[in-house]
A.B. asks: 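The following block contains the structure, expressed as structure tokens.
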Number of protein chains: 2
Amino acid sequence: MAATIKDIAKLAGVSPGTVSRVLANKVGFFSEHTGEKVRAAAAELGYQKNTAAAELVTQQSNVVAAIVNSTKTNFASPIIEGIQAEAHRHDLNVIILYAGDDDSEQQRRALTTVIERPVRSILLLSVDLAAENLTLLQNSRIPFCFLSISFDEIQVPYITSDDWQVGYQATQTLLKLGHQNIGLAGVDSDFHTGRQRVAGYRQAMQEAGITVQPEWIQLGNYSYTAGQAAMRAYGANSGLTAIIGASDMAAVGVLNTARSLGYRVPTDLSILAIDGTEICELVQPALSSISQNFYEMGVAGVQQLCAPGELPQKITPIKLVERDSLQRNG
Amino acid sequence: MAATIKDIAKLAGVSPGTVSRVLANKVGFFSEHTGEKVRAAAAELGYQKNTAAAELVTQQSNVVAAIVNSTKTNFASPIIEGIQAEAHRHDLNVIILYAGDDDSEQQRRALTTVIERPVRSILLLSVDLAAENLTLLQNSRIPFCFLSISFDEIQVPYITSDDWQVGYQATQTLLKLGHQNIGLAGVDSDFHTGRQRVAGYRQAMQEAGITVQPEWIQLGNYSYTAGQAAMRAYGANSGLTAIIGASDMAAVGVLNTARSLGYRVPTDLSILAIDGTEICELVQPALSSISQNFYEMGVAGVQQLCAPGELPQKITPIKLVERDSLQRNG
DNA sequence: GCACTTTACACAAACGTTTGCAATGCCTTT
DNA sequence: AAAGGCATTGCAAACGTTTGTGTAAAGTGC
């Protein structure tokens with residue numbers, strides 16, 4: 001139904017090849033006169049290019065796909081913004097797919113819809129791919145890069161913050177304020193990211209000569225409810241004077257539950273969030289955070305995929321952002 | 001480089017046509033024996049279908065595109081979840097594009113990347129299309145539907161809440177609690193949605209016999225900063241006892257700024273949010289809200305596109321969700 | 001006016017599929 | 001044994017582009 005290059009050719013009285021060259025603006029391949037004719041015909045027919053067909057013959061595409069693990073993770077937004085901005089600079093288009101939360105079936109669906117189509121490269125935002133899906137991805141021979149997640153067991157390109165440093169610096173920040181009994185809430189220990197954060201935390205505590213009590217580390221999945229659960233586990237008489245939320249959401253969970261348990265924040269209890277997204281500024285008191293540069297991760301992700309040969313694993317910087325949820329102890 | 005149907009054909013010793021039929025599992029068109037052979041060959045070569053090529057010949061696609069107006073709007077998530085769920089049920093794939101905030105150039109980019117490719121239909125989440133982009137969309141002849149936005153001037157399919165009712169019921173809720181001086185903060189009056197909310201608000205006030213003071217309506221773009229600005233404009237001695245935030249974000253802006261102005265919420269000031277997303281539960285006090293059923297909008301959106309002939313404009317229900325930010329006046 | 005280059009275009013193959021049609025061979029039926 | 005039916009498969013066209021090659025006409029230099 002839609003007009004094709006052939007319709008234009010017929011209307012303008014030239015060959016399809018010529019139309020293609022005019023529309024692609026291959027200068028030097030057609031006269032002023034035919035250029036005019038073709039463009040007029042195209043406009044008259046309301047021509048829309050069928051890029052899929054073009055990609056079929058050129059065997060290349062200018063779309064990069066971003067697969068994100070959940071609609072709920074709030075840090076995906078700045079990463080995507082970074083991707084969009086940098087993609088724009090390289091004249092690439094971005095499509096986004098949601099892969100659900102650790103649902104390997106949904107992951108597979110998202111993955112195949114992009115693999116089966118001509119996409120130039122794939123960015124995976126914080127998605128922990130099931131083993132069979134990783135093989136699928138690797139077999140596709142499409143360049144890819146993980147963002148905001150790291151691995152130790154497998155050798156794949158990724159860009160993320162130094163999670164060990166995240167844990168270490170968070171803990172150091174609180175130690176410097178005189179805190180000794182410091183909790184770590186909502187962190188998961190199943191994946192590399194969480195393990196690294198815990199390791200950084202432990203190292204900082206050890207250097208300060210403090211023995212970490214087992215109950216100080218409350219595991220979870222970084223969610224709001226994980227933060228709530230952690231705080232309930234600490235209880236009203238935890239003896240803690242500071243808590244690190246393993247994510248912003250976890251920190252908010254800690255904050256709200258601590259309040260309902262009777263803590264005043266930051267007077268009785270300091271809270272330090274990890275991530276530093278928008279949500280830190282929305283709650284009161286605004287949460288101080290070890291902030292990741294998510295935007296930069298997105299930018300670096302598409303750069304890495306545009307300039308192969310670069311080293312495949314990159315670390316983006318983190319920094320402490322002071323807001324209102326920390327207070328010196330004693 | 002990647003294996004094609006021809007490679008499989010060669011390896012299995014059959015024709016490409018047969019391979020296609022086996023892989024598409026067209027029963028009755030091939031023998032058990034060749035089925036085995038072909039599948040084995042496909043597996044051996046790690047074959048990945050080129051769906052773009054297939055879509056070229058069949059002239060149809062199973063992907064629906066969702067275009068969202070910004071990475072920042074927090075209600076996009078539940079809509080997308082609804083879309084995904086319903087799309088899955090119809091065996092469709094979903095891709096998401098970001099169109100930026102009222103940036104007609106970015107809109108055009110997003111639009112053309114989907115129009116130029118075989119997509120079955122397009123869902124536009126809360127995006128207010130520039131006139132020329134609407135024409136582009138309409139000329140493409142791809143079925144589309146707007147979500148969470150409505151129009152009066154133009155005749156297009158959309159699914160959203162009844163924004164007049166939103167404004168009316170929000171105001172009624174506060175009136176019933178005995179409030180008289182009620183503000184409306186952060187609403188925009190440039191588009192249909194905002195105008196309707198204001199109209200509903202005015203009607204409810206008028207029915208209660210209250211004259212709306214001009215400064216009670218503070219315009220804005222539904223953002224956190226719009227809420228802040230509105231509350232600063234009201235000031236510490238506003239005379240208001242209740243404020244409707246035009247969105248969750250605006251309501252949070254109002255909340256935080258009110259606090260810093262010395263108001264206690266809800267003791268001195270009741271706040272009612274519009275939207276009812278997750279954020280209402282994260283702040284303290286948790287914000288009561290007139291909640292929209294965003295998930296349902298997503299579901300209805302893909303249903304509408306799967307069953308043409310349905311009426312093109314649909315209203316999803318709203319409801320009051322009581323949390324902790326409202327209090328009886330006097 | 002000849003050989004040569006340049007310009008401007010048409011032609012056709014190719015990309016990886018799907019699918020209508022034709023062809024083959026076997027099995028029934030009469 | 002001829003005719004018809006059916007199961008299985010191959011062949012080739014088609015989808016909408018891009019692009020290398022071929023070629024006629026026009027321009028250039030001597």
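Letters A, B, ... are given to chains in the order of the sequence lines, protein chains preceding strands, and every chain is numbered from 1.
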A.B. asks: Is there a donor in the side chain of Thr316(B) and an acceptor in the side chain of Glu296(B), or the other way round, less than 3.5 Å apart?
C.D. replies: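 Side-chain D/A pair, Thr316(B) to Glu296(B): absent.
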
A.B. asks: Think Ser20(A) has a side-chain N or O under 4.0 angstrom from the OP1 or OP2 of dT17(D)?
C.D. replies: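 No, Ser20(A) has no side-chain N/O under 4.0 Å of OP1/OP2 on dT17(D).
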
A.B. asks: In this structure, how many angstroms lie between the C1' atom of dG16(D) and the CD atom of Glu55(A), rounded?
C.D. replies: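 It is 12 Å, rounded to the nearest whole Å.
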
A.B. asks: Please round to the nearest 0.5 Å and tell me the distance separating atom CZ of Phe30(A) and atom CG of Leu23(A).
C.D. replies: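 That separation rounds to 9.0 Å.
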
A.B. asks: Please state how far atom CG in Asn50(B) lies from atom C1' in dG16(D), giving the value in whole angstrom units.
C.D. replies: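 Taking atom C1' of dG16(D) as the reference, CG of Asn50(B) is at 14 Å.
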
A.B. asks: I'd like to compare against my own output: the B/S/- annotation of nucleotides 9-15 of chain D with a strict under-4.0 Å heavy-atom distance to protein.
C.D. replies: BBB---B

A.B. asks: For the residue pair Phe151(A) and Phe146(A), does the interplanar ring angle fall in the parallel (under 30°), tilted (30 to 60°) or perpendicular (over 60°) class?
C.D. replies: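 Answer is perpendicular, since the angle exceeds 60°.
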
A.B. asks: Counting only heavy atoms and a strict 4.0 angstrom limit, can you tell me which residues of residues 41-49 of chain B come near DNA chain D?
C.D. replies: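 The answer is none.
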
A.B. asks: Determine the minimum heavy-atom distance between Asp7(B) and Ala2(B), stating which atoms define it.
C.D. replies: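 Scanning both residues, the minimum pair turns out to be OD2-O, 4.1 Å.
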
A.B. asks: Take atom CG in Asp91(A); do more than 12 heavy atoms of anything else shown fall under 6.0 Å from it?
C.D. replies: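 At most 12 heavy atoms, drawn from other residues, nucleotides or ligands, come within 6.0 Å of this atom.
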
A.B. asks: Round to a whole Å and report the spacing from NZ of Lys26(B) to C1' of dG20(C).
C.D. replies: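 Interatomic distance, NZ of Lys26(B) to C1' of dG20(C): 12 Å.
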
A.B. asks: Does atom NE2 (His88(B)) have a neighbourhood of more than 12 heavy atoms from anything else shown, all under 6.0 Å?
C.D. replies: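 Atom NE2 in His88(B) is not crowded, with 12 or fewer foreign heavy atoms closer than 6.0 Å.
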
A.B. asks: Among all residues two or more places apart in sequence or in another chain, which pass the ring pair (Phe, Tyr, Trp, His ring centres under 6.0 Å) test with Tyr222(A)?
C.D. replies: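 In terms of ring pair (Phe, Tyr, Trp, His ring centres under 6.0 Å), with neighbours along the sequence ignored, Tyr222(A) is linked to no residue.
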
A.B. asks: Grab the CG-P distance between Asn25(A) and dT18(D) for me, whole Å please.
C.D. replies: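 Atom CG in Asn25(A) sits about 12 Å away from atom P in dT18(D).
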
A.B. asks: Might you confirm whether atom CZ of Phe29(A) has over 12 heavy atoms from other residues, nucleotides or ligands at distances under 6.0 Å?
C.D. replies: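 Open: at most 12 neighbouring heavy atoms sit under 6.0 Å from CZ of Phe29(A).
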
A.B. asks: Would you kindly give the CD-to-C1' distance between Gln60(B) and dG16(D), to the nearest whole Å?
C.D. replies: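 Between C1' of dG16(D) and CD of Gln60(B): 17 Å.
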
A.B. asks: Report the C-alpha distance between Thr112(B) and Leu136(B) in whole Å, list the side-chain angles of each, state the deciding distance to 0.1 Å, and finish with yes or no for side-chain contact (heavy atoms from CB on, under 4.5 Å).
C.D. replies: CA-CA 8 Å; Thr112(B) 54; Leu136(B) 195 62; 3.8 Å; yes

A.B. asks: Counting neighbours of CG on Asp152(B) that are heavy atoms of other residues, nucleotides or ligands and sit closer than 6.0 Å, is the number greater than 12?
C.D. replies: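 Enclosed: over 12 neighbouring heavy atoms sit under 6.0 Å from CG of Asp152(B).
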
A.B. asks: Quick test: give all pairs of protein nitrogen or oxygen and nucleotides 25-27 of chain C nitrogen or oxygen below 3.5 Å, distance rounded to 0.1 Å.
C.D. replies:
none

A.B. asks: Please round to 10 degrees the angle between the axis of the first five pairs and the axis of the last five pairs in the helix from dG1(C)-dC30(D) to dT30(C)-dA1(D).
C.D. replies: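 The angle, to the nearest 10 degrees, is 50°.
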
A.B. asks: Using every non-hydrogen atom in the two residues, find where Ile142(B) and Ile115(B) come nearest and quote the distance to one decimal.
C.D. replies: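 Nearest pair, atom of Ile142(B) first, then Ile115(B): CD1-CA, 4.0 Å.
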
A.B. asks: Is there a donor in the side chain of Ser223(A) and an acceptor in the side chain of Asn221(A), or the other way round, less than 3.5 Å apart?
C.D. replies: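 Distance-only check passes for Ser223(A) and Asn221(A).
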
A.B. asks: Identify each donor-acceptor pair in which a side-chain atom of residues 43-57 of chain A lies under 3.5 Å from a protein atom, sequence neighbours left out, and give them as a table.
C.D. replies:
{"residue": "Asn50(A)", "atom": "OD1", "partner": "Ala52(A)", "partner atom": "N", "Å": "3.1"}
{"residue": "Asn50(A)", "atom": "OD1", "partner": "Ala53(A)", "partner atom": "N", "Å": "3.1"}
{"residue": "Thr51(A)", "atom": "OG1", "partner": "Glu116(B)", "partner atom": "OE1", "Å": "2.6"}
{"residue": "Glu55(A)", "atom": "OE1", "partner": "Arg117(B)", "partner atom": "NH1", "Å": "3.3"}
{"residue": "Glu55(A)", "atom": "OE2", "partner": "Ser61(A)", "partner atom": "OG", "Å": "3.4"}
{"residue": "Glu55(A)", "atom": "OE2", "partner": "Arg117(B)", "partner atom": "NH1", "Å": "2.7"}

A.B. asks: Calculate the interatomic distance between Arg117(A) atom CZ and dT17(C) atom P; express it in whole Å.
C.D. replies: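 Atom-to-atom, Arg117(A) to dT17(C), this comes out as 13 Å.
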
